[in-house]
Amino acid sequence: MPESISSATRFIPLPNGFTMRRGGELNGARVGYESYGLLNGSRDNVILILTGLSPSAHVASNHDDPGVGWWEAMVGPGCPIDTDQWHVICINALGSCKGSTGPASVDPVTGEPYRLSFPDLSIEDVADAAAAAIKSLGVTRLACVIGASMGGMSSLALIARHPHLTRHHINISGAIHSTPFASAIRSVQREAIQTDAYWRGGRYDQDQYPERGMITARKLGLISYRSALEWDGRFGRDTAVEQWSSSSKFTPELPVEFYLDYHARRFAWSFDPNSYLYLSRCIDRFDLTESCTLADLHLDRALVIGVKTDILFPLHQQDQIAQGLSSGGTEVRFVPMDSEEGHDAFLIDIRRFGPPIASFLASLLPQTRTSSSTLVNQ
């Protein structure tokens, strides 16, 4: 399928011969980004946001694209990430189909989409592409890098590989590697896509498209993004109809079934299946400890947030990040959230997530900078 790109997305070319960590290189590649707020004269008020697996760079609405962004309530004037104070840059991950070069992009050598000829992708490649883009924009030092979910992994890789680019970090529902449970979920998602008859070894098109596989993969994702408490509170034991359907033995009947089907179908045609496979696999392969430890990451301050009901990136992984950074001398604030929304809570529960993020960023401003304890649990 073609790439799906917001009208507000702008592009930065990557240098030719961009080397991929697991072999191969990209020529004529690019990174998609969107920016918000004004850059100050000293160019030191830049916040970089690195995304999870599927979001675009359209983190919030703007003049060029008034559509609601994926973190609309978090980024903007007067929001926790306040664009009256900060110049915010959100970068679409390398390997995606939302503006940055990925399997759905045209290979300049062949004139055809890369498909499975795209080089093996790693989280480190995502980080390196983001760093190259930031430097191309003339920014030599970030005020803060923020990453959630896969973006939390990408942020740690960026800090490890480009240690002079930032001294402050917000890690939300991130991890230094995937858990076996999370990898198992993603493995079945990839299997669902690849066993769809229309996937055809990655050579699908609009007429023969692995919709069924994408729908199943997305349903698995949706289930893992939330918690059992959230599902119970939202659906309980309500049935979709007054009586059980008699038209077919196994057609959907419960509200939760219709919810999953509706949202999965919306996603299935909005994201390239091959990009999904590449990004999913690079999450499972990432392990920060292959190159360094958390104590080796030299930051001044960090905010680490996790959610007690998260089954995909469980809370102990954020505690590990907080403790590891602290052991290396970083001043860390650790916030374990009580939200019922599971892994997706950072997208939904702005009431809880907003205040600690706003407070941390405000403390980075010269006029409000204050000292805080090394490790705080709340």
Side-chain angles (χ1 to χ4, degrees), residues 1-7 9 32 51-61 65 67-72 90 92-100 102-105 113 115 121 126 148-151 173 182 185-200 202 204-227 230-231 234-235 252 254-284 310-313 341-348:
M1 65 171 290
E3 297 168 290
S4 174
I5 305 171
S6 164
S7 57
T9 298
T51 72
L53 184 152
S54 61
S56 68
H58 190 63
V59 68
S61 57
D65 184 350
V68 174
W70 60 266
W71 222 8
E72 185 74 23
C90 183
N92 177 239
L94 185 71
S96 181
C97 56
K98 302 286 187 177
S100 296
S105 305
R115 303 185 187 275
L121 181 70
V126 174
S149 188
M150 186 190 89
S173 299
I185 292 290
R186 283 188 288 270
S187 176
V188 177
Q189 289 177 304
R190 294 192 294 270
E191 183 177 339
I193 294 170
Q194 293 176 92
T195 54
D196 188 305
Y198 288 129
W199 182 63
R200 299 192 303 165
Y204 46 82
D205 55 32
Q206 295 293 104
D207 296 324
Q208 292 187 314
Y209 182 80
E211 180 185 28
R212 185 70 260 165
M214 284 292 287
I215 289 172
T216 301
R218 187 59 171 179
K219 285 182 178 181
L220 283 165
L222 289 168
I223 292 168
S224 67
Y225 298 154
R226 303 298 179 90
S227 74
E230 203 268 347
W231 292 116
R234 181 189 290 251
F235 299 109
L254 296 171
V256 66
E257 294 178 285
F258 288 105
Y259 173 88
L260 289 173
D261 198 62
Y262 172 75
H263 288 282
R265 287 183 182 277
R266 286 180 61 194
F267 178 82
W269 285 90
S270 69
F271 204 86
D272 176 63
N274 287 336
S275 293
Y276 199 99
L277 294 171
Y278 271 82
L279 288 163
S280 168
R281 174 55 66 84
C282 83
I283 293 173
D284 288 339
D310 189 344
I311 61 173
L312 198 64
F313 284 65
E341 279 82 7
H343 186 66
D344 266 0
F346 71 91
L347 297 171
I348 303 164

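Just so you know, these numbers come straight off a predicted model, no measurement behind them. All heavy atoms count here, side chains included; hydrogens, waters and symmetry mates do not.
A distance of 13.0 Å separates OH of Tyr198 from CZ of Arg212, quoted to the nearest 0.5 Å. One distance of note links CE of Met214 with OH of Tyr204; it measures 8.0 Å at 0.5 Å rounding. A distance of 11.5 Å separates CG of Leu222 from CD1 of Ile215, quoted to the nearest 0.5 Å. Residue Tyr225 holds its OH atom at 9.5 Å from CG of Leu220, rounded to the nearest 0.5 Å. To the nearest 0.5 Å, the span separating CD1 on Ile185 from CG on Leu312 amounts to 7.5 Å. The NZ atom of Lys219 lies 7.0 Å from the CZ atom of Arg265; values are rounded to the nearest 0.5 Å.
Here Pro113 pairs with Arg115 under the side-chain contact (heavy atoms from CB on, under 4.5 Å) rule; sequence neighbours left out. Partners of Ser6 under the side-chain contact (heavy atoms from CB on, under 4.5 Å) rule, at least two apart in sequence or in another chain, are Ala8, Thr9, Glu34, His58, Asp65. Applying the salt bridge (Lys or Arg N to Asp or Glu O under 4.0 Å) rule to Arg200 yields the partners Asp205; only residues at least two apart in sequence or on another chain are considered. Partners of Asp196 according to the salt bridge (Lys or Arg N to Asp or Glu O under 4.0 Å) rule, which considers only residues two or more places apart in sequence or in another chain, do not exist here. Applying the side-chain contact (heavy atoms from CB on, under 4.5 Å) test to Glu191 and every residue at least two apart in sequence or in another chain returns Thr195. Listed by chain and number, the residues in a side-chain contact (heavy atoms from CB on, under 4.5 Å) with Arg226 are Glu230, Trp231, Arg234, Tyr259, Asp344, Ile348 (sequence neighbours excluded).
Of the possible polar contacts, one joining the Tyr209 side chain to the Ala268 backbone as a donor-acceptor pair under 3.5 Å is found. A donor-acceptor pair under 3.5 Å links the side-chain atoms of Ser100 to the main chain of Asn92, judged by distance alone. Proximity of a side-chain donor or acceptor of Thr216 to a complementary backbone N or O of Gly213 within less than 3.5 Å is not detected. Of the possible donor and acceptor atoms, one in the side chain of Trp71 sits under 3.5 Å from a partner among the backbone N and O of Phe346.
In this model, no donor atom of one side chain and acceptor atom of the other lie less than 3.5 Å apart for His343 and Ser224.
Counting all heavy atoms, side chain and backbone alike, Gly67 lies closest to Glu72 at O-OE1, 4.2 Å. Nearest approach of Ala93 to Met150, heavy atoms of both residues: CB-CE, 3.8 Å. Between Leu121 and Leu279, the closest heavy-atom pair is CD2-CD2, 3.7 Å. In terms of heavy-atom proximity, Pro103 sits nearest to Asn274 at CB-CB, 3.8 Å. Residue Phe313 comes nearest to Ser173 through the heavy atom pair CD2-O, 3.3 Å, listed as atom of the first residue, atom of the second, then distance. The two residues Phe235 and Pro255 come nearest to each other via the heavy atoms CD2-CB, 3.6 Å.
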Q: Go through Leu94 and Tyr278 one step at a time and tell me if the side chain to side chain contact (heavy atoms under 4.5 Å, CB included) criterion holds.
A: CA-CA 10 Å; Leu94 185 71; Tyr278 271 82; over 6 Å; no
Q: Report the C-alpha separation of Tyr276 and Ser54 in whole Å, then their side-chain angles, then the decisive distance to 0.1 Å, and conclude whether the side chain to side chain contact (heavy atoms under 4.5 Å, CB included) test is met.
A: CA-CA 8 Å; Tyr276 199 99; Ser54 61; 5.7 Å; no
Q.
Please determine whether side chain to side chain contact (heavy atoms under 4.5 Å, CB included) holds for the pair Trp269 and Gln206, giving the CA-CA distance in whole Å, both sets of side-chain angles, and the decisive distance to 0.1 Å.
A. CA-CA 9 Å; Trp269 285 90; Gln206 295 293 104; 3.9 Å; yes
Q.
Applying side chain to side chain contact (heavy atoms under 4.5 Å, CB included) to Ile5 and Ser56, what does each step give before you reach the verdict?
A. CA-CA 8 Å; Ile5 305 171; Ser56 68; over 6 Å; no
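Residues Leu53 and Ser280 are in side-chain contact: their nearest non-hydrogen atoms beyond the backbone lie under 4.5 Å apart.
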